[in-house]
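The next block holds one structure in the form of structure tokens; read it before the comments.
Per chain, numbering begins at 1; letters A, B, ... match sequence-line order.
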There are 2 protein chains.
Amino acid sequence: MRKDDSTTEDRAGAGVRSVQLALDVLEAIAFSGDELGVTQLAEKLDVTKGSVHRHLHTLVERGYLVQNPATTRYAIGPKSRLLARFAPDADLIQVAEAPMRELRDRLGHTVVLSALTPRGALVLATLASTSPIEIGVRPGSELPFHASAQGKVLLAFAPRPVQERILARPMEKFTERTIVTRDHLEAELVRITRQGFASAPEEVLLGINVMAAPIFDERDGCIGALAIVGSIQYLPETPDADTVAALKDYAKQISRRFGHGRGPGGASTTVPPRAARRSAAG
Amino acid sequence: MRKDDSTTEDRAGAGVRSVQLALDVLEAIAFSGDELGVTQLAEKLDVTKGSVHRHLHTLVERGYLVQNPATTRYAIGPKSRLLARFAPDADLIQVAEAPMRELRDRLGHTVVLSALTPRGALVLATLASTSPIEIGVRPGSELPFHASAQGKVLLAFAPRPVQERILARPMEKFTERTIVTRDHLEAELVRITRQGFASAPEEVLLGINVMAAPIFDERDGCIGALAIVGSIQYLPETPDADTVAALKDYAKQISRRFGHGRGPGGASTTVPPRAARRSAAG
DNA sequence: GAACCGTGTTCCGCAATCGGGAACAAGCGA
DNA sequence: TCGCTTGTTCCCGATTGCGGAACACGGTTC
């Protein structure tokens, strides 16, 4: 469906092709939250069964996947789980969990946590709204920079060279209100930097609005974005002051746990910036 | 150094070569617990810088790694962290953490948690002994089946086809006491199955002994091994009955949390076997 | 300031490698 | 038993990634 329609900018190729496919396979299984078979994967990724099978074999051999002998289908293996344990800095997902829940309970909207990736704003975790009707995004998906509040926030507070590279890319139009020109996006970034949050009314889907605020670490680097998602009726384009305040407040709260705003070498409640963790206790 | 010296059984090759290298790069960085540079990686993995660089680029592009602009070196990225969240069954590492700590405090030995991989017993987590002198293993490393208590336990309780495939492999000799013949190993597996635990005195390193007991899920599948490591003076070859009892007891305790021994559909304190987890709450 | 390392990055041609496609085996239900 | 679907294997040929070397750049040391 959404196959990489070779844009102008990837002259350097997209990297190592086989690795790309291997990661596609891995992610397809991981983010489906279920086991998948060779045939399913083959048609989902639009490659031959033989190719998928070879990659599956490699990933199983390495312990990243496991073939369920009963169903003959493939699932995430132990090695994949292990990778996360070695993240150089404290786990954003874990730290943000409690504040996210509080924010959700307070505002009622779906809450989303994202991080920067060259491809967009990676959805790390979501917390469904209190409403019976769910409006959300799938963890693992990558939201486009130009058409999401998270993407715009992460971009606005990213280092200059990163901005440059991304701004040069063509922008796909999703709705009438999607930003499609570089100038427009740059102006938006300036505004976001000034006001400390972003909103993206109907930029990717009509009727839906998203608002996002940045999360910083102890060196003022933007390491993520906290966002709320909702129907535009409840999350209007010109946002309610209380809502904005709450969002920014919780984002700041998470930032503080990473040592932001107190200089390097934080207090006791702070997550150690670069803790050496070598055991399960980590 | 240890490049695949084409054994008899891998006629199908070792899988997709580029993917192998990509994973090597990823793991080298992950399990080093630190940032690594192109040159370091190139010599560690014994490939050219150009090659490493291309793979690094791909992994960064996909969000699995991040290049630190300050040091220009590479570290684990957000996507790697995310993968772990999508493990199909409850996180063994997390569930085992508390029992591991109790066992460590009770016996004083280093405690290790492992899972099965085609290459060996993957070390998921360790908890250092109470002694000032540390005897342990690096999380992420894969212990050989024939020369580790964990490997032997996992193999003993693995499905028959898996056993077959592994038993056919040649066995490297580490010490005088390493098991190197198939017959010897098979006899050992029978004994392990009967007595419910394994020990591996001086099989990989002189002076060191390891004892391991299996962890089961609700369907009696062996999903891991709990082990204690120590100098052979304190963890003798003919083990103390109390020590064995404690090890088996804690392993069973973890198994119980996965619903083992009460049939499918466990009680409230049980980890749900296949919980649908789609949010940070998972 | 210049020569010197040590990085990370880029380039290019050759050959191995992976992908396409189709045939094969194996389970399952009708 | 026959069909349908699945996972697995095979082989050929062009693509693609590898090796090797050159390049750019920053920090040190004379």
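Between B/Tyr74 and the phosphate of C/dT9, there is a side-chain N or O to OP1/OP2 separation shorter than 4.0 Å. Residue B/Thr39 places at least one side-chain N or O under 4.0 Å from the OP1 or OP2 atom of C/dG8. When the side-chain nitrogen and oxygen atoms of B/Gln67 are compared with OP1 and OP2 of C/dT9, one or more of them lie within a distance under 4.0 Å.
The interatomic distance linking A/Leu45 (CG) with C/dC18 (P) rounds to 18 Å, in whole Å. The interatomic distance linking A/His53 (NE2) with D/dT5 (C1') rounds to 16 Å, in whole Å. To the nearest angstrom, C1' of C/dG6 lies 12 Å from CD of B/Glu43. Atom pair A/His57:NE2 and D/dC10:P shows a separation of 12 Å (rounding to whole Å applied). Whole-Å rounding puts the B/Glu35 CD to C/dT7 C1' distance at 14 Å. Here D/dT8 presents its P atom at 14 Å from CD of A/Glu61, a figure rounded to the nearest Å. For the pair B/Arg73 CZ and C/dG6 P, the computed distance is 16 Å after rounding to whole Å.
Residue-level contact check: A/Gln40 touches neither bases nor backbone, having no heavy atom under 4.0 Å from any strand. Residue A/Gln20 is classed as having no contact, given no heavy-atom separation below 4.0 Å to the nucleic acid.
Side chains of B/Val95 and B/Phe258 form a contact here, defined as non-hydrogen atoms less than 4.5 Å apart.
Salt-bridge check for A/Glu27 with B/Arg62: passed, with a basic side-chain N closer than 4.0 Å to an acidic carboxylate O. Between A/Lys79 and B/Glu142, at least one side-chain nitrogen of the basic residue sits less than 4.0 Å from a carboxylate oxygen of the acidic one, meeting the salt-bridge criterion.
Listed by first and then second residue, the ring pair (Phe, Tyr, Trp, His ring centres under 6.0 Å) pairs that reach into residues 36-56 of chain B come to none, sequence neighbours excluded.
The environment of A/Arg182 atom CZ is dense: over 12 non-hydrogen atoms of other residues, nucleotides or ligands sit within 6.0 angstrom.
For the pair B/Val137 and B/Leu143, the tightest heavy-atom approach, listed with the atom from each and the gap, is CG1-CD2, 4.4 Å. Of all heavy-atom pairs spanning B/Leu36 and B/Lys44, the tightest one is CD1-NZ, 4.3 Å.
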- prompt: What string of B, S and - do you get for nucleotides 14-25 of chain D 5' to 3' if you count protein non-hydrogen atoms under 4.0 Å?
  reply: --SSBB------
